[in-house]
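To start, the structure itself, in structure tokens.
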Amino acid sequence: MKPPRFEYVAPADLDEALEVLADDSLETRPLAGGQSLVPMLNFRLAAPERLVDLNRIEELARVEKTSDGGLRLGAMTRHSQLERDPLIARGAALLAEAACFIAHPQIRSRGTVGGSVAHADPAAELPAVLLTLGARAHIARRSRDGESGLRVERTLDLPELFLGPFFTALEPDEILTVIEVPPPVSGEGTAFDEVARRRGDYAIIGVAARVRLGAGGACRQAAISLVNGGPTPCLMEEAAEVLVGAEPSPDAIATAAAVCAETADPAADMHASEAYRRHLIRVLTRRVLTRAITRARTPSRQEARTR
Ligand SMILES: Cc1cc2nc3c(=O)[nH]c(=O)nc-3n(C[C@H](O)[C@H](O)[C@H](O)COP(=O)(O)OP(=O)(O)OC[C@H]3O[C@@H](n4cnc5c(N)ncnc54)[C@H](O)[C@@H]3O)c2cc1C
């Protein structure tokens, strides 16, 4: 099918794009990589009257290191750049590890970090991975009546952004501009894995984990999140709590994995039953926690990606 008719605007800078979005005389949506939005238009699942194309806005495509060693990923950073950019590999190895599980190379060369986060698909890899990394979203809009300045900006922790399946706290006149990832800390290890029917398919289940060990080897911090494990991308806090303060022994890992499977909220669909998804959550959580802990103990292994 062809998409319904729409007006198309391709501004060269962010303020111009925000101005187009602020004009509510036409229902307007940002167009990033188009890898979710264009199929939605073609299937008539969305019918905006105007698209504002973000692809010419250089400001949104920058990848920068922050002064504390974290990363600022412009919303238009392509999935393929996550796989290849040495700055990203050093600053957030988990992103590089997970990005190659997203779809196929052609889709990864167009799809963007901002598009994936704004789309808020519970089956997408990046929202879950960014939650695990403790990322924050930077958001901008044009000033509304009575507000001073040209732009109004705000930041949200990702758990505050994801409100429901395909539903975020972004207002219709807002653009997600940057995803900020905190710097890696010493004693930290991360890992990602997923099971899909075929390579490149959406995951039946995926799991991302980050573990930080103290000098004595006990776990100081842990974060686990699931791909397709519930209606929204979410952190599995109860499961992570099992590990904190204890020696991350195989038994502790197995208990955390069991809690993760119990407290998740996976759905049944044509690809897998709820029981099978819970089984995968347990198996994959155990696997990624074990891998993350090994990497935390042996930092050189963090670079050795597994796919
Ligand atoms: C065959 C196929 C297989 C796929 N498999 C996977 C997969 O396995 N895993 C996966 O994660 N994804 C998969 N995808 C989706 C792909 O990753 C998309 O790139 C991603 O979901 C959306 O990114 P995009 O840049 O293409 O956004 P778009 O499609 O351009 O936009 C998506 C939505 O986000 C909004 N939006 C985009 N950017 C912004 C912004 N900066 N601020 C505010 N709103 C914004 C748009 O208005 C739209 O509503 C697949 C896609 C296809 C076609």
Side-chain angles (χ1 to χ4, degrees), residues 3 6 8-11 14 17-18 20-22 27-43 45-57 59-62 73-83 95 98-131 137-142 153-154 156 161-162 165-179 192 194-206 208 225-228 233 271 307:
F6 55 82
Y8 172 80
V9 195
L14 181 58
L18 294 173
V20 178
L21 276 175
E27 191 206 324
T28 307
R29 293 272 280 266
L31 172 71
Q35 299 304 300
S36 296
L37 184 54
V38 172
M40 282 162 59
L41 297 178
N42 290 346
F43 285 116
L45 295 171
E49 296 164 294
R50 178 169 53 195
L51 295 185
V52 54
D53 188 342
L54 308 182
N55 282 275
R56 290 177 58 208
I57 305 176
E59 179 182 347
L60 294 180
R62 288 184 205 136
L73 304 171
M76 292 299 291
T77 306
R78 310 283 169 181
H79 305 328
S80 53
Q81 191 174 349
L82 302 180
E83 291 177 84
L95 280 172
C100 61
F101 286 91
I102 303 171
H104 302 284
Q106 294 87 339
I107 291 159
R108 296 201 291 271
S109 73
R110 296 300 304 160
T112 65
V113 173
S116 185
V117 171
H119 192 50
D121 184 346
E125 284 81 0
L126 292 182
V129 165
L130 290 165
L131 276 170
H138 291 247
I139 296 161
R141 66 169 168 79
R142 186 89 169 180
E153 295 179 326
R154 62 178 179 137
L156 281 182
L161 185 74
F162 298 124
F166 304 99
F167 179 45
T168 67
L170 286 171
E171 300 281 344
D173 60 349
E174 287 183 321
I175 290 180
L176 177 60
T177 54
V178 169
I179 293 291
F192 179 85
E194 72 175 39
V195 168
R197 283 175 67 84
R198 293 170 307 184
R199 180 153 183 164
D201 280 7
Y202 277 98
I204 294 174
I205 287 292
S225 60
L226 302 180
V227 177
N228 232 348
H271 301 297
R307 212 177 178 207

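Order of listing sets the numbers, starting from 1, for every ligand and every atom in it.
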How many angstroms lie between atom [atom1] of [X] and atom [atom2] of [Y], to the nearest 0.5 angstrom?
X	Y	atom1	atom2	value
Phe162	Leu170	CZ	CG	9.5 Å
Arg78	Asn55	CZ	CG	4.5 Å
Arg199	Glu194	CZ	CD	10.0 Å
Leu21	Arg141	CG	CZ	12.0 Å
Ile179	Leu126	CD1	CG	9.5 Å
Arg142	Asp173	CZ	CG	11.0 Å

For [atom], the protein heavy atom that lies nearest, with its residue and separation:
atom	value
atom 28 (P) of ligand 1	Gly34 N, 3.5 Å
atom 44 (N) of ligand 1	Ala118 CB, 3.4 Å
atom 4 (C) of ligand 1	Ala103 CB, 3.4 Å
atom 9 (N) of ligand 1	Glu125 OE1, 2.7 Å
atom 25 (O) of ligand 1	Thr112 OG1, 2.6 Å
atom 24 (P) of ligand 1	Gly33 N, 3.5 Å
atom 50 (C) of ligand 1	Tyr202 OH, 3.3 Å
atom 49 (O) of ligand 1	Arg29 NH2, 3.1 Å

> Would Leu51 count as a contact of ligand 1 if the rule is a heavy atom under 4.0 Å away?
Replying inline: no

Given side chains that start at C-beta, do those of [X] and [Y] come closer than 4.5 Å, heavy atoms only?
X	Y	value
Val9	Thr28	no
Leu130	Val113	yes
Val38	Leu31	yes

Atoms of ligand 1 less than 4.0 Å from [X] heavy atoms?
X	value
Ala75	41 (N)
Ile175	41 (N), 42 (N)
Ala32	25 (O), 27 (O), 30 (O), 37 (C), 38 (N)

> What pair of heavy atoms forms the shortest contact from Leu14 to Ile57, and how long is it?
Replying inline: N-CG2, 3.6 Å

>> When you compare ligand 1 with Ile107, is there at least one nitrogen or oxygen pair between them that comes in under 3.5 angstrom?
In response: no

>> Side chain or backbone, does Pro39 bring an N or O within less than 3.5 Å of an N or O on ligand 1?
In response: no

> Which one holds for Met40 and ligand 1: side chain close, backbone close, both close, or neither close, with close meaning a heavy atom under 4.0 Å?
Replying inline: neither

> So which bit of Leu54 gets within less than 4.0 Å of ligand 1, heavy atoms only: side chain, backbone, both or neither?
Replying inline: side chain

>> Applying side chain to side chain donor-acceptor pair (under 3.5 Å) to Ser80 and Arg108, what does each step give before you reach the verdict?
In response: CA-CA 5 Å; Ser80 53; Arg108 296 201 291 271; over 6 Å; no

Among [options], which one puts a heavy atom closest to [atom]?
atom	options	value
atom 17 (O) of ligand 1	His79, Arg78, Gln35, Arg110	His79
atom 27 (O) of ligand 1	Pro48, Gly115, Pro30, Ala203	Gly115
atom 20 (C) of ligand 1	Ser36, Ala98, Ala196	Ser36
atom 19 (O) of ligand 1	Ala128, Ala46, Gly111	Gly111
atom 42 (N) of ligand 1	Leu37, Ile102, Ile57, Leu176	Leu176

>> Would Thr77 and Leu82 count as a side-chain contact (heavy atoms from CB on, under 4.5 Å) here? Give the steps.
In response: CA-CA 8 Å; Thr77 306; Leu82 302 180; 4.2 Å; yes

>> With a sphere of 6.0 Å drawn around CZ of Arg154, does it hold more than 12 non-hydrogen atoms of other residues, nucleotides or ligands?
In response: yes

